[in-house]
Amino acid sequence: MKKTIYTMFILCGTFMLAQEGKNDTVEVSDTKEIQEVIVKTQRKKQFADKAVYTFDKEALERARYAKDLLQTLPELQLDLVGNTITSTKGGTILFLINGVEATDLQIRSVTPGEVVKVEYYDIPPARWATRADTVVNILTRSTETGYVFGAEVFSALNTGFINGSAYANYTKGKNNFGLEYSLSLRDYNDRRVNSIYDYQLNGSHYRSDENRKDHFGYTFQNIALRYTRMVPDDYAFQAKLNMDIFSRFSKGVGQSIFTQDNLGEEHSMFKNNGSDYVIPKLDLYYSKKISEKDELSINLVGSHYTTNTSETAKEWITASGLSVYDNDMMLKATQTSFVGELVHVHDFKAGKLSSGYRISRSSISNDLNNLAGYSQYNVNYLEQYFYTEFSGKVDQFSYRVGAGLTNIHNKSAENVFDEWTFTPKVILGYQLKNNQNLRFTGSYSPVSPWSNALSSNIVQLVPNIVQRGNPFLKSQQVFSNNLTYSFNNKYFDFNAALFYRYTDRIINQYYVLDELGGYALTYENGKSGQRYGIQLTGSYKPFGNNLLVVKAVITPTSEMVKTSTGALIKNDFLGNYFVLSSEYKAFSLQYQFNIPTYSLSGAFLNTNENQNNIFVSYKHKNWTFSTGMYWMGMPSEYKTKSLPESLVDYKIHTQIMNNKSMFVLGLSYDFSKGKKTEIQKKLNNDTAPAATF
């Protein structure tokens with residue numbers, strides 16, 4: 001695997017270095033940001049930590065809104081199922097409009113003519129680095145009085161699948177008002193699940209082979225109301241009230257063959273679960289220009305809500321009706337979350353210095369009924385982050401150097417974890433040619449356990465096996481390095497990244513003998529984990545325009561985990577993802593596909609979601625008509641299997657038959673007059689997600 005990775009990297013680098021770039025100019029300035037390289041044919045400027053894109057007249061005229069422009073970027077694509085922009089490389093992506101955190105609907109509300117440029121950060125600055133793997137900032141023109149509104153709906157014809165949205169913005173002088181609503185609904189009555197548990201216990205061999213059919217679904221709604229006031233070169237203020245409304249359910253019945261040694265019996269079961277919450281969230285932002293070269297910004301975000309989660313599962317011997325297990329779990333979690341951040345930015349002639357402090361706190365009160373009885377307990381998660389970073393340029397080298405101090409303080413019903421960690425980061429860039437550069441990134445940072453892993457809850461999975469959290473988990477320590485070569489011209493936009501990631505005290509999910517008898521699926525801090533390989537990403541335009549565009553991501557990867565007992569777990573896989581798209585006059589077409597692969601996740605190997613989707617749209621004035629088919633010729637499916645080292649041999653295969661060759665229709669309408677008020681918001685935060693386990 002190592003030889004293959006190194007050979008591919010050398011060959012790709014040699015090939016691209018041999019290409020001839022055009023004589024594009026290099027912009028030289030006072031370096032308030034990391035220095036850029038302009039490639040006129042691609043309308044792209046390459047920085048050490050980001051790329052900046054502008055768009056020609058043809059692209060602006062063809063697009064309906066800014067969202068259409070984003071999907072033309074080499075490493076972004078439209079997720080056809082969710083109808084959102086995602087990174088082809090995967091990971092969390094954060095969108096901004098003039099520095100303000102933006103939703104999908106806000107991106108839609110920006111007309112193409114307003115877009116000045118798009119900043120694509122594949123190495124996010126310190127203030128966003130702990131929240132996202134990729135940051136995309138859309139910069140728009142100066143504001144004018146006006147309004148914009150639109151609506152969109154996508155729906156399947158023969159099953160429960162709906163994506164809908166509506167938005168409106170109105171600008172008057174220095175004031176802007178915005179309103180948004182979005183809906184995602186899924187209601188599938190044919191999800192098929194086959195799961196197998198095979199293990200030795202107390203000298204006997206057990207096997208549970210279960211087949212279940214589920215009716216499941218969810219409804220997610222978001223309502224947002226915004227007010228913005230901006231006085232240019234003085235101050236900016238924004239207040240945003242956001243409401244997330246979510247509910248999900250699953251109702252399944254099935255049969256299993258339960259075997260102990262050579263004796264088998266037929267079991268019947270049902271498994272029902274669900275959860276719901278309503279999250280009101282207030283987001284306040286204020287930025288003040290305190291001098292010509294200094295700016296101070298503050299961001300406060302708060303929420304308070306209750307999450308209700310329930311699970312009922314019963315299994316019995318079919319012939320006699322004798323109960324095998326009876327699992328009832330009800331969790332009521334009342335959660336209060338707060339995030340505050342203060343940042344100061346100073347411009348020097350040689351570069352830019354940014355310094356800040358962020359604190360995030362979540363307090364959760366749990367009322368729990370489960371297999372262990374009734375309990376009431378509180379947990380608190382606190383994280384503090386002090387950071388500073390400086391960016392500049394010396395000759396052909398550009399750099400960004402940062403240092404931070406992170407404190408993680410987690411207090412559960414059974415344990416208190418408190419630790420301070422030094423978090424340095426360095427980014428170095430070197431311009432090889434006008435259209436080629438080399439970049440290196442190194443960082444060290446802690447990652448706190450998620451709330452489900454720390455939970456004291458316990459639920460029954462099958463006979464003799466339960467699942468529980470581990471309140472004694474410590475944070476992971478992640479050391480990450482990337483060396484990236486970039487090349488682009490009229491036809492190619494290519495990146496080859498050699499990566500290595502080492503994780504100390506890696507959080508690992510595994511099976512252990514349970515104190516109540518049988519086995520428990522729980523979490524531990526393993527000794528370490530490693531992941532390394534090469535990621536080849538980019539796009540190819542054979543005609544030099546968007547008539548045909550091929551996007552691809554190929555990632556040969558090796559990964560390894562060393563458990564707390566010293567056992568070594570290894571896995572190799574070839575990650576892949578492909579997009580073919582075409583734009584001609586008012587028509588556009590997009591086809592996405594991949595070959596699912598197994599990647600390591602604790603005690604298991606999981607496949608990523610299969611894709612085989614096609615979508616066609618036609619634009620007429622303010623209307624857009626769309627149609628497509630998801631998962632052509634196949635259902636969506638997901639596979640998990642345990643590793644040979646596991647105490648329990650576990651396999652599960654899930655298929656959603658409602659998705660198979662799912663045909664959808666879509667209609668959207670967008671209208672605008674004038675331009676909106678947007679602000680250069682320097683801070684963007686969010687409170688912790690709902691606790692459900």
Side-chain angles (χ1 to χ4, degrees), residues 34 48-50 87 89-94 121-135 299 339-343 353-362 381-391 399-410 417-428 439-451 453-454 473-484 497-508 523 525-533 535 559-562 600-601 683-689:
I34 297 176
D49 62 343
K50 68 181 179 182
S87 171
K89 299 187 298 183
T92 304
I93 187 167
L94 176 67
Y121 289 89
D122 55 353
I123 307 172
R127 62 182 180 270
W128 299 312
T130 59
R131 297 191 52 215
D133 302 291
T134 302
V135 174
N299 185 211
V339 179
E341 185 168 8
L342 179 69
V343 67
L353 178 68
S354 299
S355 302
Y357 167 73
R358 180 169 66 245
I359 180 173
S360 61
R361 184 180 186 274
S362 291
Y381 307 109
L382 174 68
E383 184 169 324
Q384 300 179 80
Y385 180 40
F386 299 85
Y387 61 89
T388 185
E389 65 177 8
F390 185 83
S391 60
Y399 63 90
R400 193 174 88 205
V401 180
L405 190 62
T406 302
N407 171 239
I408 294 176
H409 183 93
N410 294 332
F417 174 78
D418 186 89
E419 185 175 67
W420 290 86
T421 305
F422 178 62
T423 55
K425 187 170 188 175
V426 60
I427 302 170
L428 303 174
R439 298 180 290 160
F440 170 78
T441 305
S443 65
Y444 182 78
S445 61
V447 178
S448 180
W450 45 100
S451 61
L454 289 168
L473 287 175
K474 299 178 180 179
S475 66
Q476 304 177 100
Q477 306 285 343
V478 180
F479 179 54
S480 181
N481 294 277
N482 292 273
L483 180 63
T484 305
L498 193 64
F499 63 89
Y500 175 77
R501 179 185 175 102
Y502 177 86
T503 304
D504 189 35
R505 299 191 314 215
I506 187 169
I507 296 175
N508 178 47
Y523 298 87
N525 281 111
K527 290 185 176 180
S528 63
Q530 295 184 65
R531 174 178 283 209
Y532 60 88
Q535 186 170 69
E559 51 189 358
M560 179 185 70
V561 170
K562 183 179 288 188
L600 195 59
S601 176
L683 304 175
N684 302 277
N685 292 290
D686 200 0
T687 54

Chemist: Mind listing the closest non-hydrogen atom pair of T423 and P446 along with its distance?
Modeler: CG2-CD, 3.4 Å
Chemist: For Y532 and M560: C-alpha separation, side-chain torsions, deciding distance, then whether side-chain contact (heavy atoms from CB on, under 4.5 Å) applies.
Modeler: CA-CA 9 Å; Y532 60 88; M560 179 185 70; over 6 Å; no
Chemist: Starting at CG of L382, measure out to CG of D418 and round the result to the nearest 0.5 Å.
Modeler: 8.5 Å
Chemist: With rounding to the nearest 0.5 Å, note down the distance linking CZ in F499 to OG in S480.
Modeler: 9.5 Å
Chemist: Rounded to the nearest 0.5 Å, what's the gap from OH on Y500 to CG on L483? Could you check?
Modeler: 15.5 Å
Chemist: One pair to check against side-chain contact (heavy atoms from CB on, under 4.5 Å): L94 and Y121. What are the steps and the verdict?
Modeler: CA-CA 10 Å; L94 176 67; Y121 289 89; over 6 Å; no
Chemist: What's the shortest heavy-atom distance between G442 and N481, and which atoms?
Modeler: CA-OD1, 3.8 Å
Chemist: Going from CG on N525 to OG1 on T503, what distance comes out if it is rounded to the nearest 0.5 angstrom?
Modeler: 11.5 Å
Chemist: Using only atom types and a distance under 3.5 Å, with no angle test, would you say the side chain of N299 pairs donor to acceptor with the backbone of E341?
Modeler: no
Chemist: Can any side-chain N or O of N407 pair as donor or acceptor with the backbone N or O of E419 at less than 3.5 Å?
Modeler: yes
Chemist: Considering all heavy atoms of both residues, which atom of Y387 and which atom of Y357 are nearest to each other, and what is their separation?
Modeler: CE2-N, 4.0 Å
Chemist: Could you check whether Q477 and Y502, counting side-chain N and O atoms only, form a donor-acceptor pair closer than 3.5 Å?
Modeler: no
Chemist: To the nearest 0.5 Å, how far apart are OH in Y385 and OG1 in T406?
Modeler: 6.0 Å
Chemist: Between R501 and V478 (side chain of the first, backbone of the second, donor and acceptor by atom type, cut-off under 3.5 Å), is there such a pair?
Modeler: no
Chemist: I'd like to know if the side chain of N508 and the backbone of G526 have a donor-acceptor N/O pair within less than 3.5 Å.
Modeler: no
Chemist: For a quick test of reading the model, state the closest non-hydrogen atom pair linking S391 to R400 and the distance between them.
Modeler: CB-CG, 3.9 Å
Chemist: Quick one: does Q476's side chain have a donor or acceptor within less than 3.5 Å of a partner on I507's backbone?
Modeler: yes
Chemist: Let's go through E389 and K425 carefully: what are the C-alpha distance in whole Å and the side-chain angles of both, what is the deciding distance for salt bridge (Lys or Arg N to Asp or Glu O under 4.0 Å) to 0.1 Å, and is it a yes or a no?
Modeler: CA-CA 9 Å; E389 65 177 8; K425 187 170 188 175; over 6 Å; no
Chemist: Indicate yes or no: at least one non-hydrogen side-chain atom of V426 is less than 4.5 angstrom from one of Y399.
Modeler: no
Chemist: Does a salt bridge link R439 with D122, judged by any charged N lying under 4.0 Å from a carboxylate O?
Modeler: yes
Chemist: Supply the atom-to-atom distance T134 OG1 to I123 CD1, rounded to the nearest 0.5 angstrom.
Modeler: 10.0 Å
Chemist: Determine, stepwise, if the pair L473 / F417 fulfils side-chain contact (heavy atoms from CB on, under 4.5 Å).
Modeler: CA-CA 8 Å; L473 287 175; F417 174 78; over 6 Å; no
Chemist: Looking at every non-hydrogen atom in both residues, tell me the closest pair between S87 and I93 and how far apart they are.
Modeler: N-CD1, 4.3 Å
Chemist: What is the ring orientation for F479 with Y444, classed by angle as parallel under 30°, tilted 30 to 60°, or perpendicular over 60°?
Modeler: tilted
Chemist: Go through N410 and S448 one step at a time and tell me if the side-chain contact (heavy atoms from CB on, under 4.5 Å) criterion holds.
Modeler: CA-CA 9 Å; N410 294 332; S448 180; 3.1 Å; yes
Chemist: Can a donor-acceptor pair be found between the side chains of R505 and S475 at a distance below 3.5 Å?
Modeler: yes
Chemist: Side chains of V339 and R358: does their closest heavy-atom pair fall under 4.5 Å?
Modeler: yes
Chemist: Considering all heavy atoms of both residues, which atom of T484 and which atom of A497 are nearest to each other, and what is their separation?
Modeler: OG1-CB, 3.6 Å
